[in-house]
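Right, one structure below, let's go through it.
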Protein chains: 2
Amino acid sequence: MADHNRVVTSSMDAMLFLTDDQLLQGIELMYFAYKGFTSDPDLILQNYSYGRAHHRAVHFINRRKGLKVNDLLDILGITKQSLNRVLRQLINDGLVESRVGRQDKRERNLYLTEEGKSLERQLSDAQRKRMRSAYRAAGSDAVQGFRLVLEKIMDAETRNRITQDKE
Amino acid sequence: MADHNRVVTSSMDAMLFLTDDQLLQGIELMYFAYKGFTSDPDLILQNYSYGRAHHRAVHFINRRKGLKVNDLLDILGITKQSLNRVLRQLINDGLVESRVGRQDKRERNLYLTEEGKSLERQLSDAQRKRMRSAYRAAGSDAVQGFRLVLEKIMDAETRNRITQDKE
DNA sequence: TAATATATGTCAGTATTATTGACTTTATAA
DNA sequence: TTATAAAGTCAATAATACTGACATATATTA
């Protein structure tokens, strides 16, 4: 269903012609997909009286164990006052542990506690499930394209930061 | 760089094996790409003291000219009280026109005024530019995969609603 | 050592976007 | 005529962000 009309070669892609309507459709796809993508975690978070900001913090603390507060601020692109409220809640509620840095004692390294890992697992289970079924339905070639386009959509600095981390 | 290791065929895609890490990477890609994707319009909207909610309203009123208030509520998935504030501003500011329905006079059909179209163009220019350059950098095969995966990620009802509209 | 810079945390005030609940007006349908 | 539907409004609340000001502890530099 995918390969029978691959007429345009890689070398022609540079001059790919795209109508405004095709581009607008892509924009709407991003909007609707992102909306579905966040809907499962949003439901779970309600049981904890947490919001998306808590989810993001928990996600990145899990993915980059021991990261510093400043690292998290950079990743999220918000002010420390905004993060502080969320982080304080997570720490007070016993989901996140903040350890004084070993070399530089001004720094704080963030870790999920067992309780934090449990919430993270709940949230990412829901999201992984959606991603897995989408990936399987679309096929591995499509997934490769999906990843490639998303990488190109994001800001270059962001792309550099996260691709360098991943290899 | 893309096709030399395409070992998995379409028929095998149903059993595509995906590690948790691969799925989490996909989740982060969505997060970072969406962030970049909204950043250009956000800057423009600041000049008007508008937010993303205004952008979404303007976008969909442009895309579905004459749509009813209830249609817009369905698309956005918010309450009418939430939409009302935004819509009232846009109407008062002269960017949106609300016309009494021809058959059913309870209904209101929404249209962009010239001023509304001008804002829409500014916003979508920025977003189309980003999409176009991502599409071109990734190539047409990748774009096809991108679109397919996004369609599968969104809720089935949403997918049915928008794909039926588009063909 | 003294001055400066950095990392983190906090308080207060404000804005945007969303919610729920209650209610009104106008118009269509039973 | 009564009930339903579409739109609009008011009020109260919540989550997430912002700016600005300031405090504390630790490192770095002059």
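Everything quoted here is computed from the prediction, not taken from an experiment. So that the names make sense, note that chain A is the first sequence line, chain B the second, and so on, each numbered from 1.
Distance CG (B:D71) to P (D:dA5): 16 Å, rounded to an integer number of Å. Atom CD in A:Q89 sits about 13 Å away from atom P in D:dA14, given to the nearest Å. Rounding to whole angstrom units, CD1 of residue B:I91 and P of D:dT9 are separated by 8 Å. Whole-Å rounding puts the A:L67 CG to C:dT8 C1' distance at 14 Å. Rounded to an integer number of Å, the gap from A:L72 CG to C:dG9 P is 11 Å. Between the CG atom of A:D42 and the P atom of C:dA18 there is a distance of 12 Å, given to the nearest Å. A:L73 has its CG atom 14 Å from the C1' atom of C:dT10, to the nearest Å. If you measure from atom CG of B:L90 to atom C1' of D:dG8, you get 15 Å, rounded to the nearest angstrom.
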Please list, for nucleotides 24-28 of chain C, all pairs of protein and nucleotide N/O atoms separated by less than 3.5 Å.
{"from": "C:dT28", "atom 1": "OP1", "to": "B:Q103", "atom 2": "O", "distance (Å)": "3.4"}
{"from": "C:dT28", "atom 1": "OP1", "to": "B:K105", "atom 2": "N", "distance (Å)": "3.1"}

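Listed for the B:T158 side chain is no donor-acceptor partner under 3.5 Å among the backbone atoms of B:M154.
Considering only residues two or more places apart in sequence or on other chains, A:R128 meets the salt bridge (charged side-chain N to carboxylate O under 4.0 Å, His left out) condition with A:D125, B:D20. Not counting sequence neighbours, the partners of A:T79 by the side chain to side chain donor-acceptor pair (under 3.5 Å) test are A:S82. Under the salt bridge (charged side-chain N to carboxylate O under 4.0 Å, His left out) criterion, B:E151 pairs with no residue at all, not counting sequence neighbours.
Between the side chains of A:Q127 and A:H59, no donor-acceptor pair is found at a separation under 3.5 Å.
Side-chain to base pairing of B:Q81 with D:dG8: no donor and acceptor N or O lie closer than 3.5 Å to each other.
For A:I78 and B:S98, each mapped to the nucleotide of DNA chain D holding its nearest heavy atom, the one lying further toward the 5' end belongs to B:S98. Of the residues near DNA chain D, A:G101 and B:N109, the one whose nearest nucleotide (by heavy atom distance) lies more toward the 5' end is B:N109. Nucleotides of DNA chain C nearest to B:L83 and A:E107 differ in position, and the one nearer the 5' end is that of A:E107.
Side-chain nitrogen and oxygen atoms of A:S82 include at least one within less than 4.0 Å of the OP1 or OP2 phosphate oxygen of D:dC18. When the side-chain nitrogen and oxygen atoms of A:R85 are compared with OP1 and OP2 of D:dT16, one or more of them lie within a distance under 4.0 Å. Phosphate proximity of C:dT10 to A:N84: present, with a side-chain N or O under 4.0 Å from OP1 or OP2. Here B:N70 reaches the OP1 or OP2 of D:dA7: one of its side-chain N or O atoms lies under 4.0 Å away.
The side-chain hydrogen bond (donor to acceptor under 3.5 Å, both in side chains) pairs that include a residue from residues 91-101 of chain B are B:Y50-B:D93, B:E97-B:R99, where partners are two or more places apart or lie in different chains. Among pairs with a residue in residues 60-90 of chain A, those fulfilling ring-ring contact (aromatic ring centres under 6.0 Å, His included) read A:F60-B:Y31, A:F60-B:F32, at least two apart in sequence or across chains. Listed by first and then second residue, the salt bridge (charged side-chain N to carboxylate O under 4.0 Å, His left out) pairs that reach into residues 66-83 of chain A are A:K68-A:E107, sequence neighbours excluded. Under the salt bridge (charged side-chain N to carboxylate O under 4.0 Å, His left out) criterion, the residue pairs touching residues 30-47 of chain A are A:D40-A:R130, A:D42-A:R52, with sequence neighbours excluded.
Residues of residues 43-56 of chain A that place a heavy atom closer than 4.0 Å to DNA chain D, in numerical order, are A:G51, A:R52, A:A53, A:H54, A:R56.
Residues B:F146 and A:L148 have side chains not in contact (no heavy-atom distance under 4.5 Å, counting atoms from C-beta outward).
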